[in-house]
There are 2 protein chains.
Amino acid sequence: MRIIIDVPKRVDHEQRRRQIGEALLRIASTRGLQSATMREVAAEAGVSLRLVQYYFHTKEALLLAALAYLGEQLTERVSASIRALGPVTPRTVVYGTLTAVLPTDDESVRLTRAYTGFYTLVFSEPEMGERHGATYPDKLESLLARHIAAAQDAGEVAADVDPPLTAAALVALTNGLGSSVLGGQRNGAAALRILEDQLGRLFRAP
Amino acid sequence: MRIIIDVPKRVDHEQRRRQIGEALLRIASTRGLQSATMREVAAEAGVSLRLVQYYFHTKEALLLAALAYLGEQLTERVSASIRALGPVTPRTVVYGTLTAVLPTDDESVRLTRAYTGFYTLVFSEPEMGERHGATYPDKLESLLARHIAAAQDAGEVAADVDPPLTAAALVALTNGLGSSVLGGQRNGAAALRILEDQLGRLFRAP
DNA sequence: TCAATGATGATACGCATGTATCACATTTCG
DNA sequence: CGAAATGTGATACATGCGTATCATCATTGA
C-alpha cells in the first residue's frame, strides 16, 4: 500500500479559499453578514458560484473559515497596536489591546462590523459557536487579567481591584462601546474618550 | 360634510395588534428575531397569515409596533426594579436600572434577547432605527448621568468622576455583559458580580 | 331590508437562497 | 497514450419568504 500525499495539482486550494473567505469578510464589513450569500460572495471574489461551492462544500464551512481569517486579522491588529505604543508594559498592553478592538478608524470599523456579524450569528445558530471553539473575548480577558495583576504588583493599579473581574468589565465595556458606535449612537472618538476615562481611573497609583 | 369617527366595528384593533406583536416578541425571545417570519408570528399568535397582514400592512410596521411594546416592557421592568430597592436614592436608581436590564432571570433574558435582536437588526437596516426615534441606551445614559451627579453632590461618588462619561460607560458595560451572557460566555450571576464590582467602586465615598 | 363596509380565509406570485446535477475542460500519472 | 482525477461552468431544484389577489361572511347604518 502506497501513501499518497495528494497535494492539489493545478491551483493552490488554500489561496483560493482565502480569496473567497476574504470576499465574505469584505461583504460582512460593508453590507452585513446577512448579505453574504453564496452568490454575493462569489461575485465579490470574482469567481463563479460553483467555485464557492467547490472550495467550501457548505455555507457553514465558508463561514467558519472566514471567521478564522477574521480572528487572525484581529490578533494581528492587536499585536501591532501594542507594538506601536512603544515599550511593552502592562499598561501599554491593556491600552493597546482595548483601543485596537474599538471601532475608531477604517480598519477597526471593518473588523468590528464583521466580528459583530459573527457574534450575532451565534445567537441564532449556537452550533456554529460550538464548532468554533474558544471565543475571542475569553482570550482577551485572560490576557488583560494577567497584565492588570502585573500592573498591580508594580503599584500602578490599586491593590483592591480584582484582576479577572476588572478585565471582564473592560472587555465588556469595549464591546458595548463598539456596539454603540456601530449602532450610530456615537462616533469612535467619543467611545475612545469613555474608554480612556475608565482606563485612566484604573491605572492610577493610589 | 359629516365627520365620522370610524371606530372599529367588530374587534378591538389595538388588542389584536398587541396580541400579534407580543407573539413576535415571544418568538424573538426564544428562536431569535430572524425566525420571526410573518407565518411564524401568525401561528404563534393563533391567527391566520392574512390577519397579520391585515393588522400590519407590512412587516416593518409589525416590527416597529413590537419594538414599541418591548420598550414599554423594558421601562416597566426598570421602574419595578427601582421600586423594589426601597427608598429612591441616586444609588438605588443606578443599581436598579442597570441590574434590571442585565439578563439574570427569565424575564430579563427574554427582554434582552428580544432587544438584542432589534438592535442587531438596525445594523443591517439602518432605516428602521431612524424611524424608531431616540434609542433606549440614550435615555438610560441621561437618566444615570443625572443620578450620578446627584450622588456626587451627596458625597457618595468621588468628585472627579465625569457623570455623562461614567453613565455612558456603565450602560456600555451592561450591554456588553448582556451580550456575553446571551452568547453563552458566562451566566447572569457572573455578569452581575462584574457589574456590582464596578458599581461598588463607583459608589464609594473618597 | 339591503347595500356598504369590516373582518377573515385560501391561495397564488415573484423572488432569493442553499444545494444539487450535468457537462466539459485540463492536468496528471501508471 | 489514455484513463482517472481535478477544476470550472451553466443551470435546475426545493424551500421559504413578503406580499398580493380573490372570495366569503358578518355587521352596520340609512
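Residue numbering restarts at 1 for every chain, and letters A, B, ... go by the order of the sequence lines. This structure is a prediction, so every number in the text was calculated from the model and none was measured.
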**Report entry** Bending between helix ends of the helix from C/dT1-D/dA30 to C/dG30-D/dC1 [5 pairs per end, 10° resolution]
**Finding:** 20°
Report task. Specify the separation, in whole Å, of atom CG of B/L51 and atom P of D/dT19. Result -> 16 Å
Report task. Please name all residues satisfying side chain to side chain donor-acceptor pair (under 3.5 Å) with B/E196, sequence neighbours left out, ordered by chain then number. Result -> none
Report task. Specify the separation, in whole Å, of atom CZ of A/R50 and atom P of C/dC22. Result -> 12 Å
All N/O pairs under 3.5 Å across the protein-nucleotides 12-18 of chain D interface:
{"unit_1": "D/dC17", "atom_1": "O5'", "unit_2": "B/T37", "atom_2": "OG1", "d": "3.4"}
{"unit_1": "D/dG18", "atom_1": "OP1", "unit_2": "B/K59", "atom_2": "NZ", "d": "2.6"}
{"unit_1": "D/dG18", "atom_1": "OP2", "unit_2": "B/T37", "atom_2": "OG1", "d": "2.5"}
{"unit_1": "D/dG18", "atom_1": "OP2", "unit_2": "B/M38", "atom_2": "N", "d": "2.9"}
{"unit_1": "D/dG18", "atom_1": "N7", "unit_2": "B/R39", "atom_2": "NH1", "d": "2.8"}
{"unit_1": "D/dG18", "atom_1": "O6", "unit_2": "B/R39", "atom_2": "NH2", "d": "2.9"}

Query raised in the report: Which residue pairs satisfy the side chain to side chain donor-acceptor pair (under 3.5 Å) criterion with at least one member in residues 119-128 of chain A, sequence neighbours excluded?
Result: none
Query raised in the report: Base, sugar-phosphate, or nothing: which does B/Y55 touch, judged by heavy atoms less than 4.0 Å apart?
Result: sugar-phosphate
Requested in this report: Give the nucleotide from the list D/dT6, C/dG9, C/dC22 with an atom nearest to the side chain of A/Y54.
Outcome: D/dT6
**Report entry** Contacts of type side chain to side chain contact (heavy atoms under 4.5 Å, CB included), residue A/A84, not counting sequence neighbours
**Finding:** none
Please report, to 0.1 Å, the donor-acceptor pairs under 3.5 Å made by any side chain of residues 41-50 of chain A, with sequence neighbours excluded.
{"unit_1": "A/E44", "atom_1": "OE2", "unit_2": "A/R26", "atom_2": "NH1", "d": "2.5"}
{"unit_1": "A/S48", "atom_1": "OG", "unit_2": "A/R50", "atom_2": "N", "d": "3.4"}
{"unit_1": "A/S48", "atom_1": "OG", "unit_2": "A/L51", "atom_2": "N", "d": "3.4"}

Report summary line: Sorted by chain and residue number, the side chain to side chain donor-acceptor pair (under 3.5 Å) partners of A/E60 (sequence neighbours excluded) come out as A/R131
**Report entry** Nucleotide C/dT17, atom P - distance to CD of A/E60 in whole Å
**Finding:** 19 Å
Requested in this report: Measure from CZ on A/R17 to P on D/dT8 and round the result to the nearest Å.
Outcome: 14 Å
Query - Whole angstrom value for the distance that separates P of D/dG7 from CZ of A/F56 - result: 14 Å
Query - A/A191: partners by side chain to side chain contact (heavy atoms under 4.5 Å, CB included), with sequence neighbours left out - result: A/L102, A/L177, A/V181, A/R186
Report task. Name every residue in residues 18-25 of chain A that has at least one heavy atom under 4.0 Å from any atom of DNA chain D, in order of residue number, or write none if there are no such residues. Result -> none
Query - Electrostatic pair B/E76:B/R83 at N-O distance under 4.0 angstrom - result: yes
Report summary line: Residues pairing under ring pair (Phe, Tyr, Trp, His ring centres under 6.0 Å) where one sits in residues 55-79 of chain B, two or more places apart or in two chains, turn out to be B/H13-B/Y55
Requested in this report: Calculate the interatomic distance between A/Q53 atom CD and D/dT8 atom P; express it in whole Å.
Outcome: 14 Å
Requested in this report: Can you run down the side chain to side chain donor-acceptor pair (under 3.5 Å) pairs that involve residues 95-107 of chain A, sequence neighbours left out, and say none if there aren't any?
Outcome: A/R77-A/D105, A/R77-A/E107, A/D105-A/S108
Query raised in the report: Is B/S48 near enough to C/dG9 that one of its side-chain N or O atoms lies under 4.0 angstrom from OP1 or OP2?
Result: yes
Query raised in the report: Mapping B/R16 and A/H57 to their closest nucleotides on DNA chain C, which lands nearer the 5' end?
Result: B/R16
Report summary line: Rounded to whole Å, NE2 of B/H13 lies from P of C/dT5 at a distance of 15 Å
Report summary line: Nearest heavy-atom approach of B/A66 to B/G21 is CB-O, 4.0 Å
Report task. For A/D197, check side chain to side chain donor-acceptor pair (under 3.5 Å) against everything at least two apart and list the hits. Result -> A/R201
